[in-house]
Amino acid sequence: RGCNLTACSSKYVLSQMHPMWQGPLVVPGGDRQSPIDIVVRKSIFDSKLKPLVTKYDPHTCQQIWNNGYSFLVEYDDTTDKSTLQGGPMEDKFRLCQFHFHWGETNAWGSEHTVDKKLFPAELHLVHWNSDKYSLFEEAVMEDNGLAVIGVFLKVGKRHEGLQKLVDALPAIRHKDSVVEFNRFDPGCLLPTNTDDYWTYHGSLTTPPLTESVTWLIMKQHIEVSHEQLAVFRSLLFTSAEEDMQKSMVNNFRVQQPLRGRAVRSSFS
Ligand SMILES: CCCCCCc1ccc(S(N)(=O)=O)cc1
Ligand SMILES: [Zn+2]
């Protein structure tokens with residue numbers, strides 16, 4: 001159980017950054033698509049934005065698997081054991097999974113950008129509104145259904161907490177491979193400062209691209225080593241049966257129009 005990152009296969013279109021998600025450039029009626037560029041000087045400080053409160057129970061960690069688009073760590077979301085509240089949200093949200101997006105080089109890979117600055121990778125911690133809905137699959141269709149924390153990764157010192165994850169990746173090299181994974185605290189992947197963030201109303205960045213996400217983009221990044229990122233790139237988009245092995249890189253979507261949306265900041 002737990003939710004997963006599914007998506008219809010989309011043509012792999014080469015472009016200057018080979019982003020994975022060409023997909024429909026504009027979703028019919030889509031005026032709150034993600035990701036976006038965060039223009040810092042246009043973001044609006046909102047003093048009513050509260051600090052984020054995350055309570056993650058490492059024992060609710062279930063499995064890590066390669067779904068052919070990213071690798072994701074899934075959590076048991078049948079109870080309110082690992083939750084997110086505070087921030088702009090009125091309700092309590094349950095963690096169901098986290099995953100990453102990254103590039104083939106350290107020059108790009110993130111989905112969101114800050115004043116057009118690209119990061120080599122971006123972590124997404126996916127939560128759904130358990131006060132209002134009873135299943136992730138239900139919440140994913142509602143405009144206040146999901147809350148995703150985005151954390152930028154920069155290349156620098158090795159991230160000790162991430163290493164347990166990195167060590168499990170060779171076992172899930174191919175699409176649809178799964179390995180049991182327990183006792184992982186996703187809190188160790190958050191930056192030390194989670195009080196400073198930008199927030200806006202957006203969408204999933206992979207199909208079904210539903211406009212159900214309150215995005216919470218951390219201002220502070222985390223550091224991982226070049227070697228740790230290289231292991232991400234050793235994953236494959238393809239399953240063991242396929243003869244053409246394609247390395248899992250550039251699994252990010254192109255940036256989407258802001259369409260007049262406000263991006264608020266919790267800090268001035
Ligand atoms: C009913 C099945 C829907 C599965 C959609 C799973 C999904 C979760 C998070 C993200 S992301 N990259 O916006 O965090 C994309 C897709
Ligand atoms: Zn994502």
Side-chain angles (χ1 to χ4, degrees), residues 1-10 19-24 27 30 32-38 52 54 62-75 77 82 84 87 89 93-103 108-113 118-130 133-153 165 175-176 186 189-190 197-218 221-222 232 235 237 248-256 261:
R1 253 200 58 72
C3 59
N4 55 46
L5 188 63
T6 60
C8 57
S9 65
S10 62
M20 170 77 185
W21 307 113
Q22 286 312 312
V27 174
R32 52 172 281 193
Q33 289 290 296
S34 294
I36 60 167
D37 175 47
I38 294 167
L52 300 182
T54 55
Q62 284 184 321
Q63 60 196 14
I64 180 170
W65 69 292
N66 175 335
N67 70 348
Y69 300 95
S70 180
F71 67 91
L72 41 139
V73 181
E74 290 193 320
Y75 284 76
D77 60 356
S82 290
L84 162 67
M89 291 96 64
F93 287 69
R94 246 179 232 174
L95 174 71
C96 67
Q97 55 106 323
F98 69 81
H99 63 273
F100 297 81
H101 303 263
W102 61 91
W108 62 74
S110 62
E111 297 211 297
H112 292 87
T113 51
L118 292 152
F119 293 83
E122 185 173 331
L123 159 65
H124 290 158
L125 293 138
V126 184
H127 312 75
W128 55 275
N129 188 331
S130 55
Y133 310 106
S134 46
L135 280 175
F136 168 79
E137 286 74 11
E138 203 187 317
V140 84
M141 308 311 286
E142 307 295 333
D143 63 11
N144 61 352
L146 303 182
V148 181
I149 296 177
V151 183
F152 294 118
L153 275 63
L165 211 51
K175 177 180 176 196
D176 295 333
L189 297 176
L190 291 174
Y197 58 86
W198 292 282
T199 182
Y200 77 97
H201 294 298
S203 73
L204 298 178
T205 65
T206 70
L209 303 172
T210 43
E211 299 181 334
S212 53
V213 182
T214 296
W215 279 96
L216 304 157
I217 307 291
M218 296 297 110
H221 61 268
I222 60 170
F232 283 23
L235 292 172
F237 281 127
M248 184 181 275
V249 293
N250 301 327
N251 55 356
F252 55 85
R253 188 189 192 194
V254 292
Q255 306 218 314
Q256 301 297 309
R261 285 173 284 178

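Just so it is clear, the structure is predicted and the values come from calculations on it, not from any experiment. In each ligand, atom 1 is the first atom listed, and ligand 1 is the first ligand listed.
Each of the following atoms of ligand 1 lies closer than 4.0 Å to a heavy atom of V126: 9 (C), 14 (O). Interface of H101 with ligand 1, defined as ligand atoms under 4.0 Å from a residue heavy atom, comprises 12 (N). Against a heavy-atom cut-off of under 4.0 Å, T206 is close to the following atoms of ligand 1: 15 (C), 16 (C). The distance from ligand 1 to the heavy atoms of Q97 drops below 4.0 Å at these ligand atoms: 8 (C).
In terms of modelled atom types and a separation under 3.5 Å, the side chain of E211 and the main chain of R32 share a donor-acceptor contact. Listed for the H101 side chain is no donor-acceptor partner under 3.5 Å among the backbone atoms of S110.
With respect to the Zn ion (ligand 2), H124 has ND1 as its nearest N, O or S atom.
Looking at W215 next to ligand 1, no N or O pair under 3.5 Å apart turns up. Of the N or O atoms in E137, none lie within a sub-3.5 Å distance of an N or O in ligand 1.
Residue pairs that meet the side chain to side chain donor-acceptor pair (under 3.5 Å) test with at least one member in residues 138-149, sequence neighbours left out, are Y133-N144, S134-E138.
The angle that H99 NE2 and H101 NE2 make at the Zn ion (ligand 2), rounded to 10°, works out to 100°.
Ring geometry for H124 against H99 counts as perpendicular: the plane angle is over 60°, on a 0 to 90° scale with 30° as the lower cut.
For the atom pair CZ (R253) and OG (S34), the distance works out to 8.0 Å, reported to the nearest 0.5 Å.
Between the side chains of E74 and Q63, at least one donor N or O sits under 3.5 Å from an acceptor N or O.
A heavy-atom separation below 4.0 Å is not found between M141 and ligand 1. Contact analysis leaves R253 out of contact with ligand 1, as no non-hydrogen atom separation drops below 4.0 angstrom.
Remark: F232 engages F71, F100, W102 in a ring pair (Phe, Tyr, Trp, His ring centres under 6.0 Å) (not counting sequence neighbours).
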